[in-house]
Amino acid sequence: MEISTIGLDLAKNVFQVHGISATGKIVIRKALRRSQMLPFFEKLPPCLIGAEACGTSHHWARELTRLGHEVRLMPAVYVKPYVKRGKNDAADAEAICEAVTRQTMRFVPIKSREQQAALSLHRARSLLIKQRTQLVNMMRSVLAELGIAIPVGIVKALQMARQIVDGESELDLPAEAANVVGILAGQLLQLHVQLRKLDLRLAALQRSDDRARRLATIPGIGPIGATALAASVTDPGQFSSGRQFAAWLGLTPRQSSSGGKERLGRITKMGDRYLRALLVVGATALVRYAKQKPEAVDPRFVALLARKPARVASVAIANKMARIAWAVMARGGVFERGHAPMLAAA
């Protein structure tokens, strides 16, 4: 019987295939090695293939699409309810096969190689920032035990590290402690140089990408946020509105409504944590600027700060920024301060 739909459970070396016919009858259940994947699907007529969105799913989706198949990626959290009992590769593949045929299922657009390359810059930058923070904290703790305190701030820590590496420091340290601090300071400066290189690459990427250039016109979104949004959102048309895009990022209240009573809680924190963090950090910068120069920012932000705590206002402004970003990506153009939405025709 001809296979119409396949559920593919992706892995590193062993892949599980669950195929059904147009009538829903199980046609194939098979485990494939990595080397067998493409030869197996080359022999099949074009069919619908479902898979969970994961680290390698976009690569396999591109390869299978090139062979003429229709590939749909789904968030793993939406596939889990279709697993009947137990947890193994065969049950997962069966659940994927059933989930991909649901009319209300939400799918993940397939990213290009260029988008994944851009996101790799962001992932590497996040890792280096964490490592830089670890080195600074370790250097602070070693010096604090010896009665020496580094002033607050990454700039002060880098200045101290430069003085230690250049031999200009006047710290009175035991020989072993001076050796350890010197190693930490050298590593810290090397990491900072690598971070500066990544920042320059991202700035160049933002200038060369039309969508990222338009996103950077939004207050609170710089080269880092603009390139991350441009690389992460493959098709802004998959969202029907800016509110849906903000909900995808986890910036809308969690609902617990029943019996006609609406109960709204904290934000859901669903979706991409990195994008959400960039928007909230950008909104926090706007809040700080609004406190210093209220006449230079949107009056609505100032009014919001007068009613709500700063952190609540930051999340609300991040929600607003997400909606504006969706409008810029979906409709084109750039951010216009004081823009009034066009009223719907009566």
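Fair warning: this is a prediction, and the values are worked out from it, not measured in the lab.
- No donor-acceptor distance shorter than 3.5 angstrom exists from the side chain of S232 to the backbone of L229, with no hydrogens or angles considered.
- Taken from CG in L198 to CZ in R125, the straight-line distance is 8.0 Å, to the nearest 0.5 Å.
- Surrounding CZ of R201 are at most 12 heavy atoms belonging to other residues, nucleotides or ligands under 6.0 Å away.
- Side-chain atoms of I324 and I221, non-hydrogen and from C-beta on, never get closer than 4.5 Å to each other.
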C97 vs E94, test: side-chain contact (heavy atoms from CB on, under 4.5 Å). Steps then yes/no.
CA-CA 5 Å; C97 186; E94 182 180 355; 5.6 Å; no
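- Note: I49 CD1 to E70 CD = 9.5 Å, rounded to the nearest 0.5 Å.
- Residues L305 and A313 share a closest heavy-atom pair of CD2-CB, 3.7 Å.
- Following chains of ILVMFWY side-chain contacts shorter than 4.5 Å, one cannot reach V14 starting from I28, and the two form parts of different hydrophobic clusters.
- R34 contributes a side-chain N or O that, together with a main-chain N or O of K12, makes up a donor-acceptor pair within less than 3.5 Å.
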Could you go step by step and tell me if R162 and Q159 meet the side-chain contact (heavy atoms from CB on, under 4.5 Å) rule?
CA-CA 5 Å; R162 174 57 62 189; Q159 290 175 353; 5.7 Å; no
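- Linking ILVMFWY residues whenever their side-chain heavy atoms come closer than 4.5 Å, directly or via other members, places L215 and V280 in the same cluster.
- A donor-acceptor pair under 3.5 Å is formed between the side chain of T217 and the backbone N or O of F335.
- M138 places a side-chain heavy atom less than 4.5 Å from the side chain of S141.
- In N13, the CG atom is crowded: over 12 heavy atoms of neighbouring residues, nucleotides or ligands sit closer than 6.0 Å.
- Summarising the geometry of T268 relative to A247, their closest heavy-atom pair is OG1-O, 4.4 Å, with the distance given to 0.1 Å.
- Taking every heavy atom of both residues into account, G68 and P46 meet most closely at O-CB, 3.4 Å.
- When side chains are defined from C-beta on, D298 does not count as touching I317, because their heavy atoms never get closer than 4.5 Å.
- The two residues C47 and H69 make their nearest non-hydrogen contact at N-ND1, 3.2 Å.
- The 12-atom threshold is not exceeded at NZ of K320, counting heavy atoms of other residues, nucleotides or ligands nearer than 6.0 Å.
- Rounding to the nearest 0.5 Å places CG of L73 at 13.5 Å from CH2 of W60.
- The stretch residues 266-293 participates, sequence neighbours left out, in no salt bridge (charged side-chain N to carboxylate O under 4.0 Å, His left out) pair at all.
- Residues L119 and Y274 are not in side-chain contact: their nearest non-hydrogen atoms beyond the backbone lie 4.5 Å or more apart.
- More than 12 heavy atoms of other residues, nucleotides or ligands sit less than 6.0 Å from atom CE of M37.
- L173 and L184 fall within a single hydrophobic cluster, where Ile, Leu, Val, Met, Phe, Trp and Tyr side chains are chained together by heavy-atom contacts under 4.5 Å.
- Ring to ring, W248 and F239 are close: their centroids are under 6.0 angstrom apart.
- Here the side chains of V100 and V79 are not in contact, with every heavy-atom distance at 4.5 Å or above.
- In this structure the side chain of L195 reaches within 4.5 angstrom of the side chain of I129, judged on heavy atoms.
- The one candidate from M74, H18, R72 that meets the side-chain contact (heavy atoms from CB on, under 4.5 Å) condition with I96 is M74.
- Residue M105 qualifies as enclosed at atom CE: its count of foreign heavy atoms under 6.0 Å is above 12.
- Under the 4.5 Å side-chain contact rule for hydrophobic residues, V152 and L158 do not share a cluster.
- Inter-residue side-chain proximity for V297 and L286 is flagged as unmet; no heavy-atom pair is nearer than 4.5 Å.
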Could you walk me through whether M160 and L171 pass the side-chain contact (heavy atoms from CB on, under 4.5 Å) test, one step at a time?
CA-CA 10 Å; M160 175 73 75; L171 301 178; 4.1 Å; yes
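- In this structure, R213 places its CZ atom where more than 12 heavy-atom neighbours from other residues, nucleotides or ligands lie under 6.0 Å away.
- Note: L249 CG to M321 CE = 11.0 Å, rounded to the nearest 0.5 Å.
- Side-chain contact, T284 with R311: a donor N or O sits under 3.5 Å from an acceptor N or O.
- Scanning all heavy atoms of the two residues, the minimum distance from L251 to A318 falls at CD1-O, 3.8 Å.
- In the hydrophobic clustering of ILVMFWY residues, with side-chain heavy atoms under 4.5 Å counting as a link, V165 and L188 come out together.
- One distance of note links CH2 of W326 with CD of Q238; it measures 11.5 Å at 0.5 Å rounding.
- Using a 4.5 Å cut-off on side-chain heavy atoms (C-beta onward), E262 and Q255 make no contact.
- By the 6.0 Å contact criterion, CD on E295 is enclosed, its count of non-hydrogen atoms from other residues, nucleotides or ligands being greater than 12.
- Considering NE2 of H58 and CD1 of I110, their distance stands at 8.0 Å, rounded to 0.5 Å.
- Summarising the geometry of M139 relative to A157, their closest heavy-atom pair is CE-O, 3.9 Å, with the distance given to 0.1 Å.
- Put simply, the side chain of S4 gets close to the backbone of S21: a donor and an acceptor are under 3.5 Å apart.
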Can you list the steps and then say if V334 with V328 is a side-chain contact (heavy atoms from CB on, under 4.5 Å)?
CA-CA 6 Å; V334 297; V328 168; 6.0 Å; no
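- Listed for the Q244 side chain is a donor-acceptor partner under 3.5 Å among the backbone atoms of S240.
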